[in-house]
Amino acid sequence: MSLSAAEDDSGSEIHIPADIDWHMLDKSKFFFLGAALFSGVSAALYPVVVLKTRQQVSSTQVSCFKMSFSIMRYEGLRGFYRGFGTSLMGTIPARALYMGALEVTKSSVGTATVSLGFSDTTATALANAAAGLSSAMAAQLVWTPIDVVSQRLMVQGYNDSNSSKNVNPNVNFCRYRNGLDAFRKILYADGPKGLYRGFGISILTYAPSNAVWWASYSVAHKLIWSGIGCSMGKKDESGSIVMGSGFRPDSKALVAVQGLSAAMASGISALITMPLDTIKTRLQVLDREENGVRKPLNVLQTVRNLVQEGGLAACYRGLGPRWASMALSATTMITTYEFLKRLSTKSQEPLTP
């Protein structure tokens with residue numbers, strides 16, 4: 001049996017919609033609608049990001065429930081949205097860079113790998129991995145300063161809550177009125193490098209994470225459709241799978257498969273890159289005191305502190321919220337992303353269903 005994206009009268013294929021290449025998109029519509037759709041997604045998932053960040057900077061293990069209860073009790077709903085305005089403003093240009101690099105790389109690498117004789121599955125996985133790598137690196141130029149500012153705002157007020165005994169003593173508790181005030185104070189205290197604190201580890205975290213995610217997603221996507229085809233088909237005398245008639249999944253089936261593939265890819269990516277993400281968050285939020293002066297931590301000091309606090313287990317604090325955040329974000333992102341691409345397809349180049 002086979003997967004097909006083209007119209008065919010053969011009765012042995014699953015007909016899924018064709019992929020949309022970069023040249024088929026109306027770029028202005030793609031970026032405008034993308035900014036609006038992904039802003040909504042960011043708003044829905046932001047509280048989970050705040051929860052993950054606070055768990056990562058905590059000096060002891062704190063459950064998600066206890067952390068959530070503490071935030072709601074002492075800070076209210078506003079506590080779950082600290083730094084959201086800053087994050088949202090940075091998300092728009094970062095997403096534009098991300099989506100542009102993703103589509104251009106996927107299209108060019110996909111064409112190159114197919115011409116080199118790779119199988120369709122291998123070519124797709126390689127193209128998606130390369131696209132995830134390049135898009136993450138491009139987006140970090142904008143995302144790192146936004147991360148530094150928004151994460152400082154996320155942990156602000158943490159020491160005022162009942163859970164202050166769990167607060168890492170190295171957390172920078174400089175008071176910021178808003179994102180602009182935080183940007184100004186960080187720039188004044190540390191210069192431009194203060195806004196790019198953790199840039200190297202961010203690249204090392206998000207580049208492989210995106211590469212692993214996109215490669216895993218493409219493989220999971222094909223495996224799930226193959227599994228569906230096998231379950232619906234019948235074996236002939238030679239043991240081959242034969243479909244009684246061409247199967248065309250409806251939109252609900254497409255979304256379900258995309259969502260399941262995204263959740264599976266998120267689990268793999270989160271497990272592999274969680275220690276790097278914890279180190280990155282601590283580099284961007286924590287300081288050390290030297291002769292009465294607070295200075296940024298370096299990677300070795302951060303790793304040493306994590307080892308002293310709990311070893312490898314300390315590196316996986318916040319894994320639950322991070323996996324949930326990645327799974328929810330990825331599921332909504334990929335379904336929104338595919339929907340966005342179909343909305344943005346040039347009318348003169350209609351897509352074969």
Side-chain angles (χ1 to χ4, degrees), residues 29-57 64-65 67-100 102 135-136 139-140 142-158 176-183 202 206 209-210 213 255 258-259 262-263 265-266 269-270 277 280-281 284-285 318 320-344:
K29 185 187 291 186
F30 179 68
F31 287 120
F32 178 77
L33 291 175
L37 289 171
F38 284 112
S39 293
V41 171
S42 297
L45 299 176
Y46 195 78
V48 183
V49 178
V50 172
L51 196 61
K52 178 213 64 142
T53 301
R54 292 204 178 186
Q55 282 193 314
Q56 287 179 316
V57 301
C64 294
F65 177 78
M67 184 75 75
S68 300
F69 179 78
S70 177
I71 293 173
M72 182 59 73
R73 180 179 180 183
Y74 292 98
E75 302 172 60
L77 187 62
R78 179 173 173 269
F80 287 101
Y81 281 91
R82 287 186 181 273
F84 177 66
T86 301
S87 179
L88 185 61
M89 288 186 67
T91 294
I92 295 173
R95 281 291 182 190
L97 279 171
Y98 185 91
M99 292 188 295
L102 183 74
S135 59
Q140 282 308 308
V142 176
W143 244 320
T144 298
I146 296 302
D147 250 357
V148 171
V149 173
S150 62
Q151 287 176 346
R152 293 285 184 91
L153 293 170
M154 284 179 199
V155 300
Q156 185 165 278
Y158 189 18
Y176 307 115
R177 293 191 299 273
N178 49 47
L180 188 61
D181 183 52
F183 179 88
S202 293
Y206 290 120
S209 175
N210 269 266
W213 192 93
V255 170
Q258 288 170 351
S266 297
S269 182
D277 187 67
K280 175 198 73 71
T281 300
Q284 293 176 330
V285 174
R322 184 169 188 246
W323 179 84
S325 174
M326 286 184 68
L328 289 170
S329 178
T331 301
T332 52
M333 182 274 290
I334 199 65
T335 51
T336 302
Y337 183 65
E338 294 295 340
F339 176 64
L340 169 65
K341 286 171 68 175
R342 296 185 186 282
L343 283 180
S344 306

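- At least one donor-acceptor pair under 3.5 Å links the side chain of S68 to the backbone N or O of C64.
- Between the side chain of R152 and the backbone N or O of Q284 there is at least one donor-acceptor pair closer than 3.5 Å.
- Side-chain contact between D147 and Y206 is present, with heavy atoms from C-beta onward closer than 4.5 Å.
- With R82 contributing its side chain and V155 its backbone, the two residues share no donor-acceptor pair below 3.5 Å.
- Looking only at atom types and distance, the side chain of W213 has a donor-acceptor partner in the side chain of S266 under 3.5 Å away.
- The minimum heavy-atom distance between V48 and P321, with the atom names listed, is CG1-O, 3.3 Å.
- Ring pair Y98/W143 is perpendicular by interplanar angle, where above 60° counts as perpendicular and below 30° as parallel.
- Ring geometry, F69 versus F65: the interplanar angle falls under 30°, so the pair is classed parallel (tilted spans 30 to 60°).
- Checked by atom type and distance alone, the side chain of Y81 never pairs as donor or acceptor with a backbone atom of V50 at under 3.5 Å.
- Put simply, the side chain of Y46 reaches to within 4.5 Å of the side chain of M154, judged on heavy atoms.
- Checked by atom type and distance alone, the side chain of T53 never pairs as donor or acceptor with a backbone atom of Q151 at under 3.5 Å.
- Side-chain atoms of F80 and E75, non-hydrogen and from C-beta on, never get closer than 4.5 Å to each other.
- Put simply, the side chain of S269 never gets that close to the backbone of A265: no donor and acceptor are under 3.5 Å apart.
- The environment of F183 atom CZ is sparse: at most 12 non-hydrogen atoms of other residues, nucleotides or ligands sit within 6.0 angstrom.
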